[in-house]
**Student:** 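Following this message is one structure expressed as structure tokens.
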Amino acid sequence: MRDSTANEVLGFVKENDVKFIRLGFCDIFGLQKNIAIMADELQTAFENGVSFDAHAIRGFRDVRQSELLLFPDPSTLSVLPWRPGPGRVARLYCDLKNPDGSAFAHDGRVLLRQVAQRAEEMGYVCKIGAECEFYLFKTGEHGEPTDETFDKGGYLDIAPLDRCEDIRREICLTLEEMGIKPETSHHEQGPGQNEIDFKFSTALACADNLQSFKSAVKAIAARNGLFASFMPKPLLEAPGSGMHVNLSLAQNGRNIFRSVGEGQSNIAESYIAGILAKTAEITAFLNPIANSYERFGQFEAPKYVSWSHQNRSQLIRIPAAAGEKIRMELRSPDPSLNPYLVFALIIAAGLDGIEKETALPPAVDADLYMADESITKALALLPGSLDQAIGLAENSKFVKSVIGEELLLKYLAVKKAEAADFHAAEDKARFYRERYFSVI
């Protein structure tokens, strides 16, 4: 119901036996939160907001000014199909506001809207599609996640090797009920690893859909006695889970990503070049946990700042496609990110490239996992650890210009403490499991 108004939502809730409304948002690290209200409180929520203790949310407010208000966005209404009836449960994502009615400066949805508005003022609309990978693990007798994968299948396998197909089917049908259109689903390379891709949309809709997707995957997995993990590298010996971000740029309703690399789309090439130039600086957001860096440089995850057509060893590739489906794919992000902040940073980097008319460097067509040093020594490396990524973000004027210095300082303060805890841990695998596995 992307074009719904508050009155239309109130009518839908009344006519469809919706009794509970979840007001959803996320913290600055992308962790989802919500408050549930009864349906008859929804009109008041639209008009006056619903207050909560922002001091209790990491990175939001200090105790002296702890109040924030949730204002539901009527365009995000979705009934949660996995909640039992009668008395249906619906969810609305919310904008965060201060008690005086002004927008909360650390609200990722607000920041993403601002960047999207900047793009529109320049004459462009950015479309985004996410390819999100995840693992399915068996659970123990008390429902706790184990490290035993649901199957031993591999890339594009079918039953009986692929035991996850019924779960993927159920997830896809659930997403359709929620108004999210899946395009493809399949078994990925790792045992118990899966991927479901959904249709391109505007940046804000894609970020909202990604949060809904992760909730649906976890709910459907749990309903089937399984645990879904979006941790970047839950099994150190197996492929990691990426969240490839596909982007295109429309001008006057037309995709301008045609003929990228052939000298016929200078705007699109500058957009890609801008993202290439800034990826290292924003990696602390694209790959925000210590475990993220176990993934780089193997199993088709990138290691260098480079691009090419179709080549999956690159940071950015231009997949084989035609017409309106031509796009660029950024391959370094992983599912532990905050999509609102990340999409804002990626789009802003591309717009920066357009404004500066940044030239796209030559494509690197080699297999960078096997390439000779004569090729790789000329390429910049992605950060190899959370520490390195923090240092680059901390000194980035670009990042500060997009999300603000105060939010950056709060974000990095938590990440510095996390990196210190990781370095102090004697058993890295145990640290990953205890810190991330059951949360992400």
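Counting from 1, the numbers follow the sequence of the chain as shown. Keep in mind it's a predicted model, so treat the numbers as computed, not measured.
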**Student:** Is the gap between the ring centers of Tyr124 and Tyr271 under 6.0 Å?
**Tutor:** no

**Student:** I'd like to know if Asp107 pairs up with Lys97 as an ion pair, taking the criterion as any Lys NZ or Arg NE/NH1/NH2 lying under 4.0 Å from an Asp or Glu carboxylate oxygen.
**Tutor:** no

**Student:** Would you call Asp73-Arg113 a salt bridge at under 4.0 Å N-O?
**Tutor:** yes

**Student:** Do the side chains of Leu80 and Arg22 get nearer than 4.5 Å, heavy atoms only?
**Tutor:** yes

**Student:** Would you say the side chains of Gln388 and Tyr293 form a donor-acceptor pair under 3.5 Å?
**Tutor:** no

**Student:** Is a side-chain N or O of Ser248 found less than 3.5 angstrom from the main chain of Arg327, in a donor-acceptor match?
**Tutor:** no

**Student:** Can the positive tip of Arg430 be found less than 6.0 Å from the middle of the six-membered ring of Tyr432, inside 45° of the ring normal?
**Tutor:** no

**Student:** Under 3.5 Å, is there a donor on one side chain and an acceptor on the other for Asn98 and Arg61?
**Tutor:** yes

**Student:** Students often mix this up, so state it plainly: with edges at 30° and 60°, are the rings of Phe25 and Phe52 parallel, tilted or perpendicular?
**Tutor:** tilted

**Student:** Using a strict 4.0 Å threshold on nitrogen-to-oxygen distance, state whether Glu131 and Arg331 make a salt bridge.
**Tutor:** no

**Student:** Considering only NZ, NE, NH1 and NH2 on the basic side and carboxylate oxygens on the acidic side, decide whether Glu195 and Arg168 come within less than 4.0 Å.
**Tutor:** no

**Student:** Does the pair His423 and Asp387 meet the rule for a side chain to side chain donor-acceptor pair (under 3.5 Å), with working shown?
**Tutor:** CA-CA 10 Å; His423 285 300; Asp387 276 329; 2.2 Å; yes

**Student:** Do Lys33 and Leu31 have side-chain heavy atoms sitting under 4.5 Å apart?
**Tutor:** yes

**Student:** In this structure, which one of Lys415, Arg435, Lys416 forms a salt bridge (Lys or Arg N to Asp or Glu O under 4.0 Å) with Asp421?
**Tutor:** Arg435

**Student:** Return yes when atom CZ of Phe104 has more than 12 non-hydrogen atoms of other residues, nucleotides or ligands closer than 6.0 Å, and no otherwise.
**Tutor:** yes

**Student:** Taking atom CD of Gln32 as the centre, does the number of heavy atoms from other residues, nucleotides or ligands within less than 6.0 Å exceed 12?
**Tutor:** yes

**Student:** Would a line drawn from the ring center of Phe71 to the ring center of Phe46 be shorter than 6.0 Å?
**Tutor:** no

**Student:** Check whether the ring centres of Phe230 and Tyr135 lie less than 6.0 Å apart, and answer yes or no.
**Tutor:** no

**Student:** Looking at Lys233 and Asp334, is there a salt bridge between them, counting it only when a charged N and a carboxylate O are closer than 4.0 Å?
**Tutor:** no

**Student:** If the plane angle is over 60° it's perpendicular, under 30° parallel, otherwise tilted; pick one for Phe285 and Tyr411.
**Tutor:** parallel

